[in-house]
Amino acid sequence: MIEVRLPDGSVRQVPTHTTPREIAEQIGAGLARAALAARVNGQVVDLNRPLDHDVELEIITERSPGALDVLRHSAAHILATAVRSIRPEAKIGFGPAIQDGFYYDFEVDRPFTPEELEAIEQRMQEVVKCNDPFERQVVTKEEARRLFADDPLKLERLEELGDDEVITVYRNGPFLDLCRGPHVPATGYLKHFKLLSTAGAYWRGDEKRQMLQRIYGTAWFSQKDLEEYLHRLEEAKRRDHRKLGRELGLYSVHDEAGRGLIHWHPRGGLIRYTIEEYLRRTLLANGYDLVFTPHVANEELYRISGHIPTFVDNMFGPIEVEDETYRLKPMNCPNHIMIFRSEPRSYRDLPLRYAELGTCYRYERSGVLHGMMRVRGFTQDDAHIFCRQDQIGPEANALLDLVDIMMATFGYAYRVFLSTRPEKAIGDPAVYDAATEQLRQVLVARGVDYNVDEGGGAFYGPKIDIALVDALGREWQGPTIQLDFMLPERFQLEYTGADNKPHRPVMIHRTLLGSMERFVGGLIEHYGGAFPTWLAPEQVRVLPITDDVRDSAAAFVAELKAAGLRGTLDDRSETLGYRIREAETMKIPYMAVIGAREAEAGTVAVRERGAGRKQDIMPREEFVARLRAEVEARTLNVPGLA
RNA sequence: GCCACCGUAGCUCAGUGGUAGAGCACUCGAUUCGUAAUCGAGCGGUCGUCGGUUCAAGUCCGACCGGUGGCUCCA
């Protein structure tokens, strides 16, 4: 007999080799029907896996965390089953569950066609209908070698397994895979899924190895979830910053001018200007100094910094001038170091915080360029803080205050990650760990929920990474706080301490918004193009109903401008409906309609973006005052934003 | 850079070997209108580029250029 402890704290005595399914059946028929897998001492296993010692057991159902991963991993096997039946020669690679779905990699003579994808999906339906059980079997390495004799990719993986590892294979109907599991009980459990796309993917993610053909799919427990996910994909497409960027006249990219180089149009420029102006004022109010440094630098600078040779593959090529070689700057830190080093520094001067909206250029391979998100020229919201070791904590704390302000202003939720010392770290491990501990204590003191990426820090220092969560629930790389013990060393930075001796400062690289290109690109998608009033390039469109009130409307536009608001007059000879439609399409926050009644009374009929026919008639001054208050408060009046 | 798909007017797209099309946008004219498309006319394309097959190529084939989705890499 063994003891099984359940999540509610109860303990059951059952015979050795009882399976989780049997226990679920004992608890209730409903639970047995809902059971997909089990969590035994924290590890997810199959329902039919016999228990041979005392355990803590949790039955996994659709609602359990991790349940979708099990389903999706099984979906990947079902996909491979279907592919094998259509293309028997396909060699199988890996097929894991991923965020929102699953994939499977195949080595095939010719890539899959879109039509084939449909056929594969249909064949998957047949596999599901068979409802074959997923059967786990423990095998020896020798047996496994025989079973996968025709699957070189599996053999390669097999040989990496240690001799003491338990090797398992899973069979469902005709398909056998080397796999750790677990799986849902049978193929019939997969009901709501869809294949999405094919893509090339290097075997083991190594571009020196052969390219496999990957098939992506998604799977859910209910048709509703599947449809919601597909709808989310549609919504993401609708909000694509490249599409909205063109439609709203924000930016463009030109072959003639160079790929991956953003041309900010007047509307996009106004958005960027407004953000930059707000950012600079915030930084000045928070103890930062603004600096400006050149776009090119003598290559020597990057030899000292070490970017040559480590970063040279990401840099634009050399520029020869007289006898010297210059480079477009890939980052701002060496320049800021020059400013720090330009005079002797005292411990009393520290911390020094140099901020720059610094434009950098990096060579990115053509295949990775993507709208404003991945470009070759970008302007970083960059800053470097030079401080004493004992100032790391307070500086990190102040930075997290700024992060809070910025994220709240733009309406982002966020998640925090702390990355600790990797194996290959430089310098004294004690210094690295002490600094990491300072960061950790700051996070703890602030009551921040954070995840630790053990060994995920850079070799030159630990860091705090912040991931933005946008309106669609997607995560983006956000602010980072990166400690650096290396550059002060390489540039021999010093300050004079209270002991009148030279000391080495610590550098903190930090960004709040990342690059203006990426940040604004992200904002376009976050807001779906409907920028809050304070950021909207055009805040009010004034619409006179007839030519008779044109002058009155023009006067109102002048009043808006005088109040520092961005209003424009649309007095074209088009119907009111037409002009309203266009203002809605351009996602302008407010329309101010002026007809004979309003002109007479000194009022405007205000129509808010996205609010339909609802109108609010108010005195002109009141509307101006309301708008000014809204701009000042940076109100997030974005439809659909929580 | 690699794999797949795509490339027709400023935009969205139709056109399966036989004389390049539509809607929107733009220009002109008419219309003066009460909350998401007023009517008419006009302008606009060497069908991504180069080569090949064919009596004939937007259409079939090849190469190249560019875009998209991935891979790899990153602000």
Side-chain angles (χ1 to χ4, degrees), chain A residues 103 105 108 110-114 116-117 196-216 233 237 240 242-243 246-247 249 252-256 259 311 313-314 330-332 358-382 465 476-480 482 509 511-519 521-522 543-550 571-586 591-598 605-617:
Chain A
Y103 69 77
D105 285 342
V108 284
R110 61 198 155 80
F112 301 104
T113 62
E116 232 175 337
L117 209 59
L196 298 174
S197 60
T198 60
Y202 298 106
W203 170 232
R204 311 307 292 267
D206 182 348
E207 61 185 297
K208 296 195 180 54
R209 307 206 57 177
Q210 74 267 43
M211 183 158 273
L212 308 181
Q213 293 304 316
R214 176 171 297 179
I215 297 178
Y216 282 99
L233 290 184
K237 220 170 176 177
D240 191 313
R242 293 164 302 181
K243 178 173 141 70
R246 186 180 54 242
E247 288 172 0
S252 59
V253 186
H254 307 267
D255 290 348
E256 304 93 306
R259 304 173 59 183
F311 201 70
D313 288 348
N314 285 296
M331 34 190 67
N332 305 301
T359 304
C360 299
Y361 297 90
R362 294 186 190 170
Y363 165 68
E364 296 283 359
R365 301 202 275 187
S366 55
V368 307
L369 299 175
H370 180 87
M372 303 180 99
M373 301 296 204
R374 192 71 184 273
V375 295
R376 286 180 175 161
F378 56 93
T379 299
Q380 251 178 317
D381 152 38
D382 205 1
D465 281 320
W476 303 88
Q477 165 83 51
T480 63
Q482 168 77 63
H509 308 255
T511 184
L512 298 170
L513 308 184
S515 78
M516 296 313 295
E517 284 75 8
R518 189 175 278 186
F519 189 73
L543 306 173
I545 292 175
T546 67
D547 282 349
D548 296 339
V549 293
R550 193 198 159 278
D571 61 350
R572 289 176 301 170
S573 163
E574 299 286 353
T575 60
L576 181 64
Y578 178 91
R579 286 175 291 157
I580 284 175
R581 177 185 161 80
E582 187 166 291
E584 288 279 3
T585 307
M586 291 302 284
M591 284 151 266
V593 178
I594 294 178
R597 295 198 293 273
E598 289 79 12
V606 177
R607 174 177 166 135
E608 197 172 345
R609 167 179 66 194
R613 294 180 69 96
K614 185 170 78 87
Q615 62 168 350
D616 233 343
I617 296 172

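Chain letters run A, B, ... following the sequence lines, proteins first and then strands; every chain starts at 1. All values below come from the heavy atoms of this structure, side chains included, with hydrogens, waters and symmetry mates left out.
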Whether [X] contacts [N] is assessed here as follows: a side-chain N or O lying under 4.0 Å from the phosphate OP1 or OP2. Is that the case?
X        : N      : value
A:Arg242 : B:rG69 : yes
A:Thr575 : B:rC33 : no
A:His370 : B:rG67 : no
A:Arg259 : B:rG67 : yes
A:Arg204 : B:rU72 : no

Expected rows: protein N/O vs nucleotides 2-4 of chain B N/O, under 3.5 Å:
unit_1	atom_1	unit_2	atom_2	d
B:rC2	O4'	A:Tyr202	OH	3.4
B:rC2	O2	A:Tyr202	OH	3.4
B:rC3	O2'	A:Gln213	OE1	3.3
B:rC3	O2'	A:Gln213	NE2	2.8
B:rC3	O2	A:Gly200	N	3.1

Can you name the residues that form a side chain to side chain contact (heavy atoms under 4.5 Å, CB included) with A:Val549, not counting sequence neighbours? A:Pro544, A:Thr546, A:Ile594, A:Ala599
Rounded to the nearest Å, what distance is computed from the CG atom of residue A:Leu196 to the P atom of nucleotide B:rC5? 18 Å
Starting at atom CD of A:Glu364, determine the distance to atom C1' of B:rC73, rounded to an integer number of angstrom. 7 Å
Polar side chain donor-acceptor pair, A:Thr511 to A:Thr480, under 3.5 angstrom: no
The nucleotide from B:rG34, B:rU32, B:rG67 with an atom nearest the side chain of A:Glu598 is B:rG34
Consider the side chain of A:Arg365, meaning its heavy atoms from C-beta on, and name the nucleotide among B:rG34, B:rG69, B:rU72 that approaches it most closely. B:rU72
With heavy atoms under 4.0 Å as the rule, sort A:Phe519 into base, sugar-phosphate or nothing. nothing
Heavy atoms only, 4.0 Å cut-off, all strands: where does A:Arg613 land among base, sugar-phosphate and nothing? sugar-phosphate
Side-chain donor/acceptor of A:Arg209 to base of B:rC71, under 3.5 Å: no
With sequence neighbours left out, what residues match A:Arg607 under salt bridge (charged side-chain N to carboxylate O under 4.0 Å, His left out)? A:Glu584
Do A:Arg242 and A:Asp240 sit within salt-bridge range, that is, some charged N less than 4.0 Å from a carboxylate O? yes
Find the partner of B:rA4: check Watson-Crick (N1-N3 plus N6-O4 or O6-N4) and G-U wobble (N1-O2, O6-N3) distances, both under 3.5 Å, and reply none if neither fits. B:rU68
Taking N or O atoms only and anything under 3.5 Å, show me the protein contacts with nucleotides 6-10 of chain B, one pair per line.
none

RNA chain B-proximal residues of residues 576-585 of chain A, any heavy atom under 4.0 Å: A:Leu576, A:Gly577, A:Tyr578, A:Ile580, A:Arg581, A:Glu584
Sorted by chain and number, sequence neighbours left out, side chain to side chain donor-acceptor pair (under 3.5 Å) with A:Arg365 holds for A:Glu207
